[in-house]
Amino acid sequence: MYTLLKKDKNTEARLGKIITSHGEVDTPNFMPVGTSASVKTLTPQDLKSVGTQIILSNAYHLLLRPGAQIIENAGGLHKFMNWDGPILTDSGGFQVFSLAQLRKIKDDGVEFQSHIDGSKYFITPESIIDFQKVLGSDIMMVLDECIPYPCEHDYVNIALKRTIDWARRSKKAFILGKKSTTRYASRDTRYELFGIVQGGAYPDLRKQAVKQLIDIGFDGYAIGGLSVGEPTELMYETLDATINLLPDDKTRYLMGVGTPQDIVEAVSRGIDIFDCVVPTRNGRNGTAFTAEGLVKIRNAKYKNDYSALDKNCDCECCKNYTRSYLNHLFNVNEILGLRLLSLHNVSFYATLMKNIQRSIEDGSFIDFKKSILDIYEKQPLKRDLSSI
Ligand SMILES: [Zn+2]
């Protein structure tokens, strides 16, 4: 359940709150990606220590391994992975279209082969909702057809019709379908279902998608199919064409985004939640986000640098270790290095979101946005596909 608390005077930025059965999420907020029921190298306690309020997990990966039965026997995904905060799961659509092999798209669902062992699966909008009920996700996503960029208008139109039909069927399955198979869910457990706006880079199709999804009615609306290789300006143009058509009283989620500069740009257009592998993947690759910009810790200039990775950060990494030691850990391939940089980056993102919330609250968001752009636009980081 989303509550809009305040709108920024100078931009479209929104301060709000999502209330779930597993706790509240202050928005704007960022979800670290826990692909296979784990935010790589980090424990749930680590995530809490840096202020993470909600995580994302991927239905596609969990469906393949360990499968529904094992998670159901564990009592759901929260218990299985020992994270008691809110969880949003994607529908698997993005991975089916980007990772799986020998895909056959049919009107009733998608047939594909696992990218791990080639075994065959057939998923439908209904089966994916049932699976997310087994997981016990606080926020579930509808199955959608993800198209590549660039893509012809005619094909995007056909794919969009299917996506809208699937959204309608997902909603029906969410409400009327097989009762939750989660034996542990109490009657009061509240779940939410989000629709996904597709339509490629075509504003007419995006607008049509928003209108049809609002007619079906969802608890929140995600904007999908962006950050898939299109130029940055096109991503913002597409966002601009659709975002103001979304209802004020529902959560707005920009899927698979992004870098600090993408986040402040999207917040200023009215986005509430984000997910991306950028902080964790870059952490494992030795790139840290700091108040002064990117730090590539493998660089020889850090060999004799005995300062903290980010002097403004009070995470376990920055409080206890030096850049010199982190540089050493990466040079000798010690796993602790991957873990400490992942932890710091997730901490940086959690703090970034808190500072965004605070600046909307006190009316200084436009200045805060500029300060982030001043630092990070000088150091462009390749945008990355989410959730793989
Ligand atoms: Zn830190």
Side-chain angles (χ1 to χ4, degrees), residues 25-26 28-34 38-56 83 85 257-264 267 273-359 368-369 371-381 384:
V25 179
D26 299 310
N29 214 316
F30 178 85
M31 300 179 277
V33 176
S38 155
V39 176
K40 292 189 197 312
T41 77
L42 303 179
T43 65
Q45 290 70 32
D46 292 332
L47 297 170
K48 287 199 171 162
S49 77
V50 297
T52 296
Q53 288 184 313
I54 177 170
I55 60 166
L56 173 141
W83 166 259
V257 174
T259 60
Q261 58 268 43
D262 285 338
I263 288 178
V264 291
V267 164
I273 54 172
F274 301 86
D275 79 284
C276 197
V277 293
V278 156
T280 40
R281 182 175 291 169
N282 279 283
R284 297 196 304 281
N285 290 335
T287 300
F289 294 85
T290 76
E292 290 156 10
L294 295 178
V295 169
K296 299 200 177 206
I297 201 67
R298 288 173 198 271
N299 195 312
K301 70 180 175 185
Y302 299 120
K303 250 186 180 40
N304 283 298
D305 184 343
Y306 296 94
S307 63
L309 179 58
D310 185 344
K311 61 180 187 312
N312 295 322
C313 178
D314 62 356
C315 82
E316 186 191 336
C317 170
C318 296
K319 268 193 316 202
N320 298 304
Y321 306 98
T322 62
R323 290 179 172 188
S324 168
Y325 180 61
L326 296 167
N327 169 275
H328 161 72
L329 291 178
F330 272 86
N331 282 339
V332 296
N333 293 322
E334 280 291 341
I335 295 167
L336 182 60
L338 279 58
R339 175 175 146 66
L340 290 174
L341 252 66
S342 298
L343 182 67
H344 165 74
N345 281 353
V346 171
S347 172
F348 176 87
Y349 268 64
T351 305
L352 171 70
M353 302 319 290
K354 266 186 227 142
N355 287 335
I356 289 174
Q357 291 160 20
R358 210 167 292 143
S359 69
F368 181 73
K369 175 185 169 187
S371 72
I372 292 293
L373 294 181
D374 283 348
I375 298 164
Y376 275 93
E377 277 188 335
K378 285 182 214 133
Q379 295 177 299
L381 186 75
D384 215 335

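Indexing begins at 1, ligand by ligand and atom by atom, following the structure's order. Because only heavy atoms are used, hydrogens play no part in the values below, and waters and symmetry mates are left out as well, while side chains stay in.
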Exercise for the section: Would you please say whether a donor-acceptor pair under 3.5 Å links the side chains of Asp46 and Thr43? Expected result: yes
Problem - the Zn ion (ligand 1) - closest N/O/S atom in His344 - result: ND1
Practice task
Using atom types as modelled and distance alone, determine if a side-chain donor or acceptor of Ser359 lies under 3.5 Å from a backbone N or O of Asn355.
Solution key: yes
Practice task
To the nearest 10 degrees, calculate the angle at the Zn ion (ligand 1) involving SG of Cys313 and SG of Cys315.
Solution key: 110°
Practice task
Please find out if the Zn ion (ligand 1) and some N, O or S atom of Cys317 are separated by less than 2.8 Å.
Solution key: no
Exercise for the section: Keeping the roles fixed (side chain from Asn345, backbone from Phe289), state whether a donor-acceptor pair exists under 3.5 Å. Expected result: yes
Problem - Any side-chain heavy-atom pair of Gln379 and Lys296 under 4.5 Å - result: no
